[in-house]
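Heads up: the structure comes next, in structure tokens.
Atoms within a ligand are numbered from 1 in the order they appear, just like the ligands themselves. Values below: all heavy atoms of this structure, side chains included; hydrogens, waters and symmetry mates excluded.
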Amino acid sequence: MPVAESNTVRLHVTLGGAVQGVGFRPFVYRLAVEMGLSGWVCNSSAGLILEVEGSQDQLDRFLDRLDAEKPSAAIVLTRETAYLAPAGWSGFEIRTSDQETGKTASVLPDLATCPACLAELRDPANRRYGYAFTNCTHCGPRYTIVEDIPYDRPRTTMRAFTMCPECAREYTDPQDRRFHAQPNACPRCGPRLLAEGNGAAVGRPAIEQATEAILTGGIVALKGIGGFQLLVDARQPDAVSRLRTRKRREEKPFALMMASLEMVRQYCHVSAAEERLLTSSAAPIVLLRPNGKPGIAPNVAASSPYLGVMLPYSPLHHLLMKACPFPVVATSGNLSDEPIAIDNDDARVRLGGIADLFLVHDRPIARPCDDSVARVVRGRASVMRRARGFAPLSVFLGFDLPPVLAVGGHLKNTVAIALGRQVFLSQHVGDLDTLEARQAFEWAIADLCRLYRFEPKLVACDLHPDYASTRWALGSGLPVVQVQHHQAHAAACAAENGLRGPYLGVAWDGTGYGTDGTVWGGEFFRVDGTKFERIAHLRPFRLPGGEAAVREGWRSAASLLAAALGPQAVPERPQRSVVLQMLARGLNAPWTTSVGRLFDAVASMTGVAEESRFEGQAAMLLERQIDEVNDDAYPLTDGDWAPIIEAVRCDVSRGESASHVSARFHNALANWIVSVAGQAGIPQVALSGGVFQNRYLVERTAALLEARGFQVYTHQRVPPNDGGIALGQAVVAALGQGG
Ligand SMILES: [Zn+2]
Ligand SMILES: [Zn+2]
Ligand SMILES: [Zn+2]
């Protein structure tokens, strides 16, 4: 058993912006030494990287002082922090640049509108009053306008716009806020806004037309920073349901845009950490707990315990939201799960059947970047979908990697390249179900390689033979390393936390191809050096109908009930006998150890969800039900679900509430992790996989483990879901792990 250690944490910080040549490194050195923190600082192509070790309290104070006392000439545009496994630095040093990061090109992510630009936007006396494309060196589009490096106007999508004399003066004046602001523009010389609905309008009247459309329940397709968004009034259930029908998105929650932080507080609980995330330069969609205040149509996010909310992040959004002082649905401009539209003509074709009005402009978007999704877990920011505002920030690893291209999984696909000590993860590509998505996937690979002048020597992919990404890798003509799905999950979590084995990797999700050809999803690995040993897993059960069981959770319930209590325990319903036949004969009923499917089964047995209209819906609905103050737990030993199934059935028949069942179920899973960790006796535990998008499960498990002296690592900069596995694939392939 591990013993409680000192509570030392390592903080990794990447600062982007004007942070070099302004005395930043000596400042960090003095601050760290004064505060008695060990670690290092160095310049990199991405800006400034530093690490300090100390207690959480000290690190919080360090971050505050870093911000408050920084050199006056420094301009910090992006700040990404992550808490890592302690490395045991002694003393503090200034390191040379190449030692840590090598030479790689630097492109910043897109930055939300800064206060100075916002003030000009609202000032009738300013020449940019009401201009939808205002920006400066502190804000505006970056990654979504870059066509090639180095980042310079002729290599951006702004090259078609010739600056007027006044803009050119700002651009060439070192004292000006717009000195070398590549997207610099004004109403005279820059991009123009155009509304196309019943008639056309340009400039400010275009905003008025769009506002009118939203107010009257219409659907507006808005060309934003990284692609089109679809907007409707979130107070109007009919409008929301029309959007669902036309977009073919039955029940998956929609994100909201709200005009101000004050408005967000009207509808949601917002902690200090959540406020920082909402108002950060990345301005992601933040998952927040609703406070129950009426006003938002129930069909916006009926399945989720959370509301996804973002603040306006471009001048165009600020102008529109000023005219719409109420919550507005703002969802990706696509049909179902296709890639987001970025091109005006393409959008008119693909979104023509969805939108009543198009609010477009003539600044081309260089690459798609959906709105990112993030949340606060264990008091720290954690990204669920990494795209606008985060891409293309790298994940810095403490060791050199060979040039590996990792092509990710099938759902929520992202790809990654390993360059020296950094891994660059692409923006969210999406599910590779459609031809459009597979084209976007190939484009993302080519784009990343071209932008970073990267030539892969090795391709890492999933073990699943039928994933489009696997087939692409095998057809690439390069040496291929196939990495088991859950090993990639665990390795991703370890890598972004700076955790070098041995560690216990807990990888739980819906589906992943196992090394024995069955469907895994409830796995525990002892990871030591390059070796993965599967030391525990959920007791296998059959999935009657295979893929059909992913959508229809009652099938998993039937399988588990039949196995635990006999076929008579399976309730009457259509297709019951077919399913029982499949189970009895073992036909079209593959074995699985998936915790995701166990969630589906319990959701079905409690009547919370018979089916899932999108991946993870049943689990989300069960989480939504949870009674968080209930400490009871079902028995769960050695991954055997049979006692849980019996107890759930008993509770349901006694009329116990779904919140009670949900709590006992969640608590059982947390206890199981604690017990496996105790048996394994490995003090470091990494939690990864889609199941750990469940905030309650993560926080409860972490608290229980920490109380027993374990160090727990969860995702921060890379998603716990399949959006993160490209990182794990790259690391496993590079280190020659696996097997
Ligand atoms: Zn600005
Ligand atoms: Zn101009
Ligand atoms: Zn997965």
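Under 4.0 Å is where a charged nitrogen must lie from a carboxylate oxygen, and between Arg128 and Asp123 no such pair does. Classification of Arg159 and Glu147 as a salt-bridged pair holds, one side-chain N sitting under 4.0 Å from a carboxylate O. Salt-bridge formation is not detected for the pair Arg177/Glu170: no Lys NZ or Arg NE/NH1/NH2 atom is positioned less than 4.0 Å from an Asp or Glu carboxylate oxygen. Between Glu338 and Arg438, no side-chain nitrogen of the basic residue sits less than 4.0 Å from a carboxylate oxygen of the acidic one, so the salt-bridge criterion is not met.
Note on His138: not counted as a metal contact of the Zn ion (ligand 1), no N/O/S atom lying under 2.8 Å. Distances from the Zn ion (ligand 3) show that His489 has an N/O/S atom below 2.8 Å.
Between SG of Cys136 and SG of Cys117, the angle at the Zn ion (ligand 1) works out to 100°, rounded to 10 degrees. Rounded to the nearest 10 degrees, the angle SG (Cys189) to the Zn ion (ligand 2) to SG (Cys167) equals 110°. The SG atom of Cys139 and the SG atom of Cys114 meet at the Zn ion (ligand 1) at an angle of about 110°, given to 10°. Note: angle at the Zn ion (ligand 2), from SG of Cys186 to SG of Cys164, is 110° (rounded to 10 degrees).
Nearest N/O/S atom of Asp722 with respect to the Zn ion (ligand 3) is recorded as OD1. The N, O or S atom of Asp509 with the smallest distance to the Zn ion (ligand 3) is OD2. Looking at His485, its N, O or S atom nearest to the Zn ion (ligand 3) turns out to be NE2.
In the model, Asp462 has no side-chain atom that pairs as donor or acceptor with a side-chain atom of Gln484 under 3.5 Å. Side-chain contact check for Gln427 and Tyr143: at least one donor-acceptor pair (N or O, by modelled atom type) lies under 3.5 Å. Asn721 and His715 form no side-chain donor-acceptor contact under 3.5 Å, judged by distance and modelled atom types alone.
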